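Reviewing the structure listed below.
Any value given below was found using the heavy atoms of this structure, including those in side chains, with hydrogens, waters and symmetry copies removed. Note that the coordinates shown come from a computational prediction; the quantities given were computed from them, not determined experimentally.
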Amino acid sequence: MFELIQEVKAFIIETLDLEDVTPADIDDDAPLFGEGLGLDSIDALELGVGLQKRYGFKLAAEAEETRQIFASVRALAEYIAAHRARS
Amino acid sequence: MSDILFPPLQAHWPLPTENAFPIAYRGGVAISREQFRADLLQARQALFALQQPAIALFEPDAYVFVVWLLAAWSLHMKVVLPGEDLASTRDFLGLPWVGKGSGVFARSDWNVAVNNPVHVFDHAAPGLAMFTSGSSGEPSLIEKTLTQLRNEVEAQEQAFRDRLPAGVRFIRSVPHHHMFGLPFSVLWPLTFGHVFVAEKLVYPEDFSRLPAADYVLISAPTFLKHLAASKENFAASQKVKLAFSISAGSPLPADIQRVCEDFLHAPFYDSYGSTETGAVAYRQGEDAAWILFPGVRVSVDAETSRLRIHSPFLAPEMRETGFLSGDLARMEAASFKLMGRADRMVKIGEKRLSLTRVEDALKTLPEVERGAVILLSGKSGAHSRRDVLGAVVILSPAGVAQKETLGKARFDRYLRRSLVGALDPLALPRRWRYVSAMPGNAMGKTTRRDLERLFAPQLPEAVCQMQEESDTECRARLQLYLAPEIIWFEGHFPHLPVLPGVVQVDWAAHFGQLHFGFTAPAGNVTGLKFQQLLRPGDAPCLELRFDKTRQTLEFSYHLKGTPCSKGVLHLRADQSA
């Protein structure tokens, strides 16, 4: 899980082009939206689209589930681990 | 004027007319007209119990939203649409908060008796109020009478009547609580016996997964961009029949429009309007001329060159003079051409934002002396990044000290967080530059260009294509794009810009750290070889291999299979540095 968390942080930084942010700056358990990283609705869409490209799965449209997936880096990593398309 | 063009609908408008179709769908399940009447009565009871002349309504589900809206109007309450659920907005409005997150209005509580009839609407009253970002930068609250809204949806039906199959469903990717989404995606279908879908589309896939039916798509360019990019998902499962799409917020780029029309076999319209005016005109593609909605007239103000709009959707007090918009325009044949904004409003993801307002908010922070904010367009690169705001800030002595303590990245976020609640999330600056004086020319004037130069990127755009890890090593492959704006091309060399070798080594270390998480600083480099130049606009591939035992990072850049450069970075053993 540690490697995946690192990978997810790199994925977020690259996908959203977060300037001057290093993986160490992102807390594993802090919320991605609102208070934590302070991401917004466009970021959510970019991340959703990016996840499909990178890991080959689609996020459900259900807003509540999406909110849980993006709750933190750890939540996102756990979701990816459970859903990524194996080649 | 309006009543001649638009004879009044039944006195019970906006209650929907009866027909055989459901009122709405949620999750593919029909919501019947009986259900709607029952929900409306319950909502009326809950609102009646409040005994208030006005409410604030914030509710993401369009069906529940409409229930509350009509219930409030039937009680002659004014409905204010905050558009966002911010603490500062709640405080500012000081109204009972109805809808999602209001708690008090859970359905089990709807059991208060209310006796006045449900069908008495006051069409002349300002039943709706919503915020707009005014040209001064301060958001102002504007009001709409029910008549204005009714006139607008009638004009919409009139303009598109021939394209609407019976039982067509209106689906949206835009919020329903502003002056594009509300009339277009909710009030229009409600009024004319079409059906609306309660939930919003978030991803392009949501659209391809809709149940088989006829649809009208109310959308915006950001969503359509992603829809166009995901067209492969549609070819196989084309059960969604699109009648047409209307987009608003910012101009719909012609290439996106063409791709969408091509694979969805329906016209994609672009609509122009504002909170104050409602819909003004529509067109099929960037190159087509604007077609005015029935009843609308426009002219260009001789003094300011701004577009003046006359329409039956304007507030009664504006009917005489018309509304002077903030858009510069030119008349062309029977139509008009927009020539850009007259003030400092910008748009991010279809949201209008005032740069002045962001600068004012910055100035209230104790760490900031003064800030200049600009829109950094994401369009220059290969992957068309999103647009963001960049802030150039002169710090106060307290700010300078704070930045020393936190370091730049943390200080950036600290400032950002300090603005949460005061500004829309999209208006929070993403990129920060700290200066001791504003850049400027000899006249002391800071131009947009001066500010933009401070944000020249230092890193390429990168998309990770592969990353794997074993017990002994980590590997990654990144697709890079070298935007011509990258700072390292400047002056190196004036007539033949190339990417300096030292920068290539630096980037390898950066991406190695990012992807493999080692913290040791890079020491010496061996085996350096530069075989081919990297130029602005190139899209090289960067291969990285981290040897865990040797603590070395091998890197190589390739351009379409041709090696450009390579080397090995040795991490310094002492990690105390």
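Nearest heavy-atom pair, Ala409(B) versus Asp25(A), reported as atom, atom and distance to 0.1 Å: CB-OD2, 3.7 Å.
Looking at His515(B), the atoms closer than 4.5 Å to chain A (heavy atoms on both sides) sit in the backbone and in the side chain alike. Contact annotation for Phe516(B): only backbone heavy atoms (N, CA, C, O) come within less than 4.5 Å of a heavy atom of chain A. Residue contact with chain A, scored on non-hydrogen atoms closer than 4.5 Å, involves the backbone of Gln513(B) exclusively. The parts of Ile348(B) that come within reach of chain A are both its backbone and its side chain, each placing non-hydrogen atoms under 4.5 angstrom from that chain.
The closest donor-acceptor contact from the side chain of Arg410(B) to the backbone of Thr405(B) lies at 3.5 Å or more, if one exists at all.
Side-chain contact between Lys351(B) and Lys347(B) is absent, with no heavy atoms from C-beta onward closer than 4.5 Å.
Salt bridge Asp206(B)/Lys200(B): absent, no basic N to carboxylate O contact under 4.0 Å.
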Under the criterion side chain to side chain contact (heavy atoms under 4.5 Å, CB included), I'd like the reasoning laid out for Leu389(B) against Leu428(B): C-alpha separation, chi angles, the key distance, then a yes or no. CA-CA 7 Å; Leu389(B) 295 189; Leu428(B) 300 173; over 6 Å; no

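Taking chain A as the reference chain and counting heavy-atom pairs below 4.5 Å, the highest number among Gly517(B), Cys464(B), Ala476(B) is found for Cys464(B).
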